[in-house]
Amino acid sequence: MDFKPTLNLPDPDFTIPMKADLSQREPGIQTRWDEIGIYGLLLERRKDASSFVLHDGPPYTNGPIHMGTGFNKILKDFVLKSRLLMGHRVPYVPGYDNHGLPIEQAVMKKFSDQKITPTTVQLRKACREHAKVYVDLQTEQFRRLGIFGLWDKPYTTMDFRFEAEIIRVFKRLVELGYVYRGLRPTLWSPTAQTALADTEIVYQDVTSKAITVRFALRDAKGVPLLSRLQNVYALIWTTTPWTIPANLALAFHPDNDYDVVKVGDDHYILVHQLVDSVAQRVGWSHYETVGSFKGVEAEGLTFRHPIFDRDSVGVLADYVTTEDGTGVVHTAPGHGRDDFYTGLKYGLPVLCPVDERGYLTAEAGEFVGVYYKKCDSIVVDRLAELGHLVFSEDYPHSYPHAERDNQPVIFRATEQWFIHIDHNNLRERMLEMIDQKVQWHPKSAEGRFRSMISGRPDWCISRQRPWGVGIPVFYGADSRVPNLDPVAIEAVARLVEQEGSDAWYEREPGDILPKGYAHPQTGETSFVKETDVFDVWFDSGSTSLCVLEGNVEPEWKEHWPADTYLEGSDQHRGWFNVSMILGMAIHGDAPYGAVVTHGFVNDEKGQKMSKRLGNVVDPVEVCSKYGADILRYWAASVDYEDDVPCGDHLLQVAGEGYRRIRNSLRFLLGNLYDFDPNDKVEVAGIDQWIVEKADCLAEVCLEHYRDYRFKEALTAVHNFCVNEVSAFYLDAIKDRMYCDGADWPSRRSAQRACWSVLRTLTLLICPILPHTAEEVYSRMPGTKEATVLLESLGPVECVMDSHLHRQVEKMLEVRSWVFSEFETWKSSSQVRDSQDVVCQLAVSQDEAPALLSFGGDLALLFKMAGVEVTVGSRSVEFRAATWDKCERSRLRRPDVAKTRFSGEEVFLTDRDRRALSL
RNA sequence: GGGCCUAUAGCUCAGUUGGUUAGAGCGCACCCCUGAUAAGGGUGAGGUCACUAGUUCGAAUCUAGUUAGGCCCA
């Protein structure tokens, strides 16, 4: 006799399919989201709710997305969708970073492959097109990951109005007095007469003249050892003799020991570790160390420049090594980055007596007009003549050359635009914000960021590149005096707003400035334009202002500062830093309330992904192989605060975890095909218990989401599905669900619980698995919103110590012990199915009432034919049940009796007879 | 070389202010079910908490150092 038709079995067509088939199904769900205009709909429906603003850090648009950018956007989407779940209005304007060197170089390569030398304007237009291609591609790819946002109107830093707003940010800084012009060493090609970027440099082996030079001590300050001695010199070693005329300081390492070595009548200062090797090199036959002092004492010593009548001062720097040279470093602030910052620290001028063609200037005194390379002989000869050349040698080493013409480059101080970090106490105010206002996740980010702000130099915002926003400064045509008049800057902003930053290159100053405009300082009426562009970090540092203030696009307007920034940990020095500077300078506030940082994506062994190793995982491919929800499941399962592992195996593991949750949802939903959530149903016993457990889960998860702890939220949901729902509750209600009468209160109670638990779980997974949540939601019975994302999960109250909970927990504890004992018993028994076994259980006086409260249901809860409870010291015995088996419910129960049904003799329990109306 | 971070079961992760036998899920082994079935249930094995030294009655946890890895800087 087949009783199947008489049972209320789950309906496989009603619920979601077991096979997720996400790569096929997700695009359909996304199309539906597009059709209902989900992003706009969500904003509209929450227009009166409090806004949560996550301001997007713009990825660079020179290629498709990769796992790093994908991971970042997914984490952002977790934040966004979880805030949505909490009932917030959640705007999100994704952004793209377009200007800068990588695109310029990619485009230049295309030109040079065709042997074309583009004009600046041609190059810029090609860069714009290149960037546009990847803005569109990345948008499509991010959308495939299930990221919600204003994809129809993302911000792009090359947008005309955006470029204009960047210019206005500059204008505001000028008005507030943060902008100044100063010198800074740049890599410079004398042959091409242009500044170069680090990436345009190749190193080549050359042989240079390396010289060891002595600097006479002029003032020993407070170092007694040196005061006592006559003829004291510091020894330096350099491979660039042409920078000797620019020498202003000698750098010592504060922790090194410096020896004073007597050679003939002279005393030489050099680092202890190198005394012997220097002696050998310069050929001292007799030398003795007469004393030594710590490097830190050298600070403030003054030496005489070996050629000119001026001082060279003792300074401290921790980049000084004991590897080569003498341990005393020749320092020319105009000709080296280290030298420059050391000079800055000691208030030295940035002396750069070399012009753009590589010839020494009048500042180089007697060497004026000499090409810098010639100094290898001229300067060296002069040093020898004055007796300060200790040694000269040919020295093979690798030296930077320009990639384009293969000619050597030099460090040369050039005029640049800066933002003053200490103006108006900016630095101090930033540090205060870091400590007092901004929340850092993880906590350690604070210290890291703090040390970067407290130690950072002024920000050089100018670059000698073609692809960027032109710095809107007019110079007097004759005087070359820069004009920082806000009126002139605003005129540029207006132009750029209309025609883009390209127009800065295309238009003449007279076309841009108001008629009859005169230089405020010089009165000149003819001008030349600045050719430098803004550092791209200036673009991205401005984004919170450009986007959230709504000047570029009214639709973007939200409260400033943003609530949260979420980026990779490399952005401490990058975007978090520049955003802070501009936000603080302009609005006196940090641009973010919270900063969340994440690590980088590696392969499964923790190695960097690289084409060479063949371990690259592509997020878009993952979507078509496994599905976006699997990728998102993976992203939620790893510890983003550290670097995260990713690979095929981990994605499969994620898939297994996903399927586990999916199946729980599937089964819960499968039992609801004939359920109407509007019906009044009394929920009691374990049904009530599981609903309350789910509420507690919700409370815990919402807290995790609030604290950006996605992994904890996902783990909690997963474990709930496994332990509470699957291993216990669903097993326990199957009999009622299948065999009770369809509309009996006992069954409706379980259905109500399933519905409630399902709703809670569906909403809880929504931030991480939005496609799956939508799929489940769309099949749930009852009146619903157009999308699961319109639902919210308010604050839930969770009482865990109720009488009911204590009873269930006790029962589960005993149950688990009985299961363990049963395993031992069954290994030596013929009967192996617990449903064929009666257990006789003795428990303590305290435990018994909890078990007895479940009455006859205890057998169902224990999946046994019967459970007999007595009071005593805890023990259990099993025996085979002798009762007949009900052919409908498959239960062995005392009340199973032979009954006539559909013309057949069958065994049925009382309950099943009633369910069949017999 | 400097600043910051990380190291716990085969895998992904928990381990609160130092305190019983270091937990979860996955995977694995064995068993059960066959009315969640390319599902579901039960039981179990599995860890020198990177290494070394120290503080302590007691250390995965605190301190110092070492090793390996990461980000940023030099």
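What you see is a predicted model; the values in this text were computed from it and never measured.
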Next on the checklist: Whether A:Arg337 contacts B:A74 is assessed here as follows: a side-chain N or O lying under 4.0 Å from the phosphate OP1 or OP2. Is that the case?
Outcome noted: no
Checklist entry - Taking the same atom, P, in B:A38 and in B:A50, what whole-Å distance lies between them? => result 43 Å
Checklist entry - What does A:Lys863 touch in the nucleic acid at a heavy-atom separation under 4.0 angstrom: a base, only the sugar-phosphate, or nothing? => result sugar-phosphate
Checklist entry - When we call it a touch if two heavy atoms are under 4.0 Å apart, what does A:Arg888 touch: a base, just sugar-phosphate, or nothing? => result base
Checklist entry - What stems, by residue range, does RNA chain B take part in, given at least 3 consecutive Watson-Crick or G-U pairs under 3.5 Å? => result B:1-7 with B:67-73, B:10-13 with B:23-26, B:28-32 with B:40-44, B:50-54 with B:62-66
Checklist entry - Is the A:Phe576 ring parallel, tilted or perpendicular to the A:Tyr565 ring (thresholds 30°, 60°)? => result tilted
Checklist entry - In whole Å, what separates the P atom of B:G3 from that of B:U66? => result 12 Å
Item to check | Any N/O donor-acceptor pair, A:Ser664 side-chain to B:A36 base, under 3.5 Å | outcome: no
Checklist entry - From the list B:G35, B:A36, B:C26, which nucleotide is the closest neighbour of the side chain of A:His718? => result B:C26
Next on the checklist: Within the 4.0 Å heavy-atom criterion, would you say A:His572 contacts the bases, only the backbone, or no part of the nucleic acid?
Outcome noted: nothing
Checklist outcome for this item: The nucleotide from B:C71, B:G3, B:U34 with an atom nearest the side chain of A:Lys608 is B:C71
Next on the checklist: So, does A:Arg450 get its side chain near the phosphate of B:G3, meaning an N or O under 4.0 Å from OP1 or OP2?
Outcome noted: no
Next on the checklist: In whole Å, measure the gap between the C1' atoms of B:C13 and B:A7 for me.
Outcome noted: 13 Å
Checklist outcome for this item: Closest of B:U37, B:G35, B:U43 to the A:Phe819 side chain is B:U43
Next on the checklist: Considering every strand and a 4.0 Å limit on heavy-atom distances, what is the contact class for A:Asp639: base, sugar-phosphate, or nothing?
Outcome noted: sugar-phosphate
Checklist outcome for this item: The nucleotide from B:A36, B:G70, B:U43 with an atom nearest the side chain of A:Asp643 is B:G70
Item to check | Side-chain donor/acceptor of A:Arg448 to base of B:C72, under 3.5 Å | outcome: no
Checklist entry - Considering only B:C71, B:C26, B:A74, which nucleotide approaches the side chain of A:Asp570 most closely? => result B:C71
Checklist outcome for this item: Ranking B:G25, B:U6, B:G40 by distance to the side chain of A:Asp731, first place goes to B:G40
Item to check | Heavy-atom pair with the smallest gap, counting every atom of A:Ala716 and A:Cys701 | outcome: CB-SG, 4.0 Å
Checklist outcome for this item: With the side chain defined as heavy atoms from C-beta on, A:Ser451 is closest, among B:G35, B:C72, B:G3, to B:G3
Item to check | Derivation and outcome, side-chain hydrogen bond (donor to acceptor under 3.5 Å, both in side chains), residues A:Asp97 and A:Ser540 | outcome: CA-CA 7 Å; A:Asp97 192 13; A:Ser540 61; 4.9 Å; no
Next on the checklist: What contact category does A:Asn723 fall into here, base, sugar-phosphate, or nothing, at under 4.0 angstrom with non-hydrogen atoms?
Outcome noted: sugar-phosphate
Checklist outcome for this item: Testing B:A36, B:A38, B:G35 for proximity to the side chain of A:Lys19, the answer is B:A38
Item to check | Among B:C72, B:A36, B:C32, the one nearest A:Lys734 by side-chain distance | outcome: B:A36
Checklist entry - Contact class for A:Asn602 vs. all strands (heavy atom < 4.0 Å): base, sugar-phosphate, or nothing? => result nothing
Checklist entry - Looking only at atom types and distance, does a side-chain atom of A:Arg662 sit under 3.5 Å from a main-chain N or O of A:Thr772, one as donor and one as acceptor? => result no
Item to check | Same-atom distance (P) from B:C32 to B:U12, integer angstrom | outcome: 33 Å
Item to check | Modelled atom types, side-chain donor and acceptor of A:Gln751 and A:Asp674, under 3.5 Å | outcome: yes
Next on the checklist: Rounding to an integer number of angstrom, what distance separates B:G25 and B:U63 when you compare their C1' atoms?
Outcome noted: 35 Å
Next on the checklist: Please determine whether side chain to side chain contact (heavy atoms under 4.5 Å, CB included) holds for the pair A:Phe728 and A:Ile690, giving the CA-CA distance in whole Å, both sets of side-chain angles, and the decisive distance to 0.1 Å.
Outcome noted: CA-CA 10 Å; A:Phe728 170 63; A:Ile690 193 73; 5.9 Å; no
Next on the checklist: We want to know whether A:Tyr626 and A:Asp648 form a side-chain donor-acceptor pair, criterion being a heavy-atom distance below 3.5 angstrom.
Outcome noted: yes
Next on the checklist: Taking any heavy-atom pair under 4.0 Å as a contact, classify A:Thr715: base, sugar-phosphate, or nothing.
Outcome noted: nothing
